[in-house]
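See below for the structure under consideration.
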Amino acid sequence: ILNIPLEAGTSASEYLNAYELVLKKLKDFKPEFLLFSAGFDAHTDDPLGDIHLREDDFQWVTELVVSSAKEHCEGKVISTLEGGYNLDALARSVSAHLQALSD
């Protein structure tokens, strides 16, 4: 288990730097597949997360995960929707996520 706590108000660049650390750890772990817990409450418009991501950030993260899955586990990715409480931001973010998964 690798936990990277993020404080309220975390910027997109801080979040994405933390995500890079997670992906680097995959080389040691050697997964058979990646389970993507796709929560979108980190969107800047979400009332709960207080993390400042936008839909293009979610797309970028998804692209990183897909690329990493291709490198480490034959592209096997399972994505599950976890949350997001601003419906407009959720719709845009899910759309960006799905686009990155399908590319």
Side-chain angles (χ1 to χ4, degrees):
I1 295 174
L2 173 65
N3 291 313
I4 302 175
L6 300 174
E7 295 183 23
T10 294
S11 70
S13 63
E14 292 169 317
Y15 182 95
L16 299 172
N17 285 338
Y19 219 92
E20 292 272 358
L21 177 64
V22 171
L23 294 176
K24 287 178 184 177
K25 293 289 187 178
L26 288 177
K27 290 180 183 179
D28 296 332
F29 186 67
K30 299 177 185 161
E32 294 179 34
F33 64 92
L34 297 181
L35 178 59
F36 200 125
S37 176
F40 300 100
D41 53 346
H43 194 284
T44 195
D45 294 338
D46 193 274
L48 296 180
D50 200 17
I51 305 290
H52 300 288
L53 302 184
R54 298 207 168 274
E55 45 278 358
D56 59 327
D57 297 318
F58 289 113
Q59 183 166 355
W60 187 77
V61 166
T62 305
E63 290 168 354
L64 285 176
V65 169
V66 168
S67 176
S68 189
K70 287 177 182 176
E71 181 180 345
H72 299 293
C73 53
E74 301 172 357
K76 298 174 189 168
V77 177
I78 299 168
S79 178
T80 61
L81 179 60
E82 289 292 324
Y85 305 95
N86 175 306
L87 296 182
D88 291 332
L90 177 62
R92 293 189 312 270
S93 299
V94 168
S95 178
H97 176 68
L98 291 174
Q99 181 63 45
L101 284 173
S102 64
D103 285 346

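Everything numeric here is computed off the predicted structure, so don't read it as measured data.
In this structure a side-chain-to-backbone donor-acceptor pair under 3.5 Å is present from Asp57 to Arg54. For the pair Asp46 (side chain) and Ala42 (backbone), a donor-acceptor distance under 3.5 Å is absent.
For residues 64-78, every residue pair satisfying the salt bridge (charged side-chain N to carboxylate O under 4.0 Å, His left out) rule, not counting sequence neighbours, is listed here: Glu74-Lys76.
Atom NZ of Lys24 sits about 12.0 Å away from atom OG of Ser68, to the nearest 0.5 Å. To the nearest 0.5 Å, atoms NE2 (His43) and CG (Leu48) are separated by 14.0 Å. Going from atom OG1 of Thr62 over to atom CD of Glu55 covers 12.0 Å, rounded to the nearest 0.5 Å.
Side-chain contact between Val61 and Phe36: present, with at least one pair of heavy atoms (C-beta onward) separated by less than 4.5 Å. By the 4.5 Å heavy-atom criterion applied to side chains, Leu81 and Val94 are counted as neighbours. Residues Leu64 and Glu20 form a side-chain contact, since some pair of their non-hydrogen atoms from C-beta on lies under 4.5 Å apart. For the pair Lys30/His72, no side-chain contact is recorded, criterion being any heavy-atom separation below 4.5 Å from C-beta on.
Note on Leu21: it clusters hydrophobically with Val66, by side-chain heavy-atom contacts below 4.5 Å among ILVMFWY residues. Neither Ile78 nor Val22 shares a network with the other; the hydrophobic side chains, linked directly or stepwise wherever heavy atoms of I, L, V, M, F, W or Y lie under 4.5 Å apart, form separate groups for each. Under a hydrophobic-cluster definition in which Ile, Leu, Val, Met, Phe, Trp and Tyr are linked whenever side-chain heavy atoms come within less than 4.5 Å, directly or via other members, Val65 and Leu6 are assigned to the same cluster. Connection of Leu16 to Ile4 is established within a shared hydrophobic cluster, with ILVMFWY side chains joined at heavy-atom distances below 4.5 Å, either directly or through further cluster members. Under a hydrophobic-cluster definition in which Ile, Leu, Val, Met, Phe, Trp and Tyr are linked whenever side-chain heavy atoms come within less than 4.5 Å, directly or via other members, Phe40 and Leu35 are assigned to different clusters.
With sequence neighbours left out, Asp41 forms a side-chain hydrogen bond (donor to acceptor under 3.5 Å, both in side chains) with no residue at all. Under the rule for a side-chain hydrogen bond (donor to acceptor under 3.5 Å, both in side chains), the partners of Asp103 that lie at least two apart in sequence or sit in another chain are Gln99.
Closest approach of Gly9 and His52 over heavy atoms only: O-CD2, 3.5 Å. Pro31 and Cys73 make their closest contact through O-CB, 3.3 Å (heavy atoms, listed as atom of the first residue, atom of the second, distance). For Gln59 against Ala96, the heavy-atom pair with the smallest separation is CG-O, 3.7 Å. Nearest approach of Glu7 to Ile51, heavy atoms of both residues: O-CD1, 3.6 Å. In terms of heavy-atom proximity, Gly84 sits nearest to Leu90 at O-CD2, 3.7 Å.
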